[in-house]
J.: 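Sending over a structure as structure tokens; questions will come in a sec.
Whatever order the structure lists them in is the order used to number ligands and atoms, beginning at 1. Quick note: numbers below take in every heavy atom, side chains included, and nothing from hydrogens, waters or symmetry partners.
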Amino acid sequence: MRLVILGPPGAGKGTQAASIVDTFNVVHISTGDIFRENIKNATELGQKAKSYMDRGELVPDELVNEIVVDRLHKPDLDNGFLLDGFPRTVNQAVALDAALEQMGTKLDRVINIVVASDLLIDRAVGRRVCPKCGRTYHIVNQKPKVEGKCDADGETLIQRDDDTEETVKKRIEVYEKQTSPLIDYYKAQGLLLDIDGSQAIDDVFEQIRRGLEEEA
Ligand code: AP5
Ligand code: MG
């Protein structure tokens with residue numbers, strides 16, 4: 001299956017991606033994770049992306065499109081992929097369609113996680129992540145077994161640099177302006193699967209699982 005997961009900052013894209021890749025055996029491709037990995041490794045791409053990310057703005061399309069198109073040509077995607085955080089502009093969506101068409105394929109479904117803005121700030125500001133394995137937690141909604149430590153490897157959890165209240169508000173604004181037009185873009189293609197993301201994590205996944213299995 002070739003999937004996109006769409007939704008505002010803090011909607012639960014990464015959280016649901018973890019269950020989707022396990023259940024449907026697809027590869028998770030998160031542009032945010034790719035940028036954070038590049039920042040950690042102090043690459044040129046990381047340096048360029050960081051200034052945009054810290055301000056809560058989008059990294060320019062020309063930087064992002066090339067990375068994703070390259071990634072789609074890697075040989076590990078035979079069973080499909082789940083794009084998380086890409087596309088984020090209509091320009092990116094058009095570039096994705098063109099790249100897939102050139103490869104003789106197309107998207108199967110776009111999962112659209114819908115969550116009211118007041119929940120998003122709490123979710124993003126309360127998020128904690130493992131710097132080693134990337135697992136995501138929340139100080140109230142998804143606590144680790146031992147406070148402040150990753151369940152998988154015991155690493156001390158950290159907060160993302162862009163998870164301050166001010167930056168999250170900016171990211172939500174950017175989503176409304178630049179990314180939400182993709183909802184109509186994919187609706188017009190008959191690909192959209194609307195999911196109520198305000199429910200508990202497991203219940204959100206249940207909706208996604210049912211929606212995707214209906215397709216199979
Ligand atoms: P990116 O990393 O993609 O961030 P984002 O889209 O802002 O989304 P988040 O990762 O913040 O949220 P999420 O939906 O994954 O939520 P999560 O599952 O973690 O992008 C970061 C930046 O990179 C961008 O701002 C931009 O600068 C740049 N960038 C990336 N891609 C780009 C592109 N294509 N073009 C241009 N720039 C790009 O959940 C959040 C929290 O809520 C967690 O703590 C979780 O435990 C909790 N939670 C999740 N689900 C639930 C639930 N159902 N109930 C209660 N709590 C929940
Ligand atoms: Mg994420």
J.: Yes or no on side-chain contact (heavy atoms from CB on, under 4.5 Å) for Val168 and Leu120, after CA distance, side-chain angles and deciding distance?
T.: CA-CA 8 Å; Val168 174; Leu120 297 174; 5.5 Å; no

J.: For ligand 1, list the protein residues that place a heavy atom within a distance below 4.0 Å of one of its atoms, sorted by chain and number.
T.: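 If the criterion is a heavy atom under 4.0 Å, then ligand 1 touches Pro8, Pro9, Gly10, Ala11, Gly12, Lys13, Gly14, Thr15, Thr31, Gly32, Phe35, Arg36, Met53, Glu57, Leu58, Val59, Val64, Gly85, Phe86, Arg88, Gln92, Arg123, Arg127, Thr136, Tyr137, His138, Asn141, Gln142, Arg160, Asp162, Arg171, Gly197, Gln199, Ala200, Ile201, Val204.
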
J.: Between Thr105 and Arg2, is any side-chain donor less than 3.5 angstrom from a side-chain acceptor?
T.: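 Yes, a side-chain donor-acceptor pair sits under 3.5 Å.
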
J.: Mind checking side-chain hydrogen bond (donor to acceptor under 3.5 Å, both in side chains) for Thr167 and listing every partner two or more places apart, or none if nothing turns up?
T.: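 Applying side-chain hydrogen bond (donor to acceptor under 3.5 Å, both in side chains) to Thr167 gives Thr164.
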
J.: Report the C-alpha distance between Asp163 and Val125 in whole Å, list the side-chain angles of each, state the deciding distance to 0.1 Å, and finish with yes or no for side-chain contact (heavy atoms from CB on, under 4.5 Å).
T.: CA-CA 5 Å; Asp163 276 347; Val125 173; 5.7 Å; no

J.: Do you know the tightest heavy-atom contact between Arg123 and Ser198?
T.: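 Closest pair (atom of Arg123, atom of Ser198, distance): NH2-CA, 3.8 Å.
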
J.: Between Gln189 and Asp97, is there a side-chain donor-acceptor contact under 3.5 Å, judged purely by atom types and distance?
T.: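 A donor-acceptor contact under 3.5 Å links the two side chains.
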
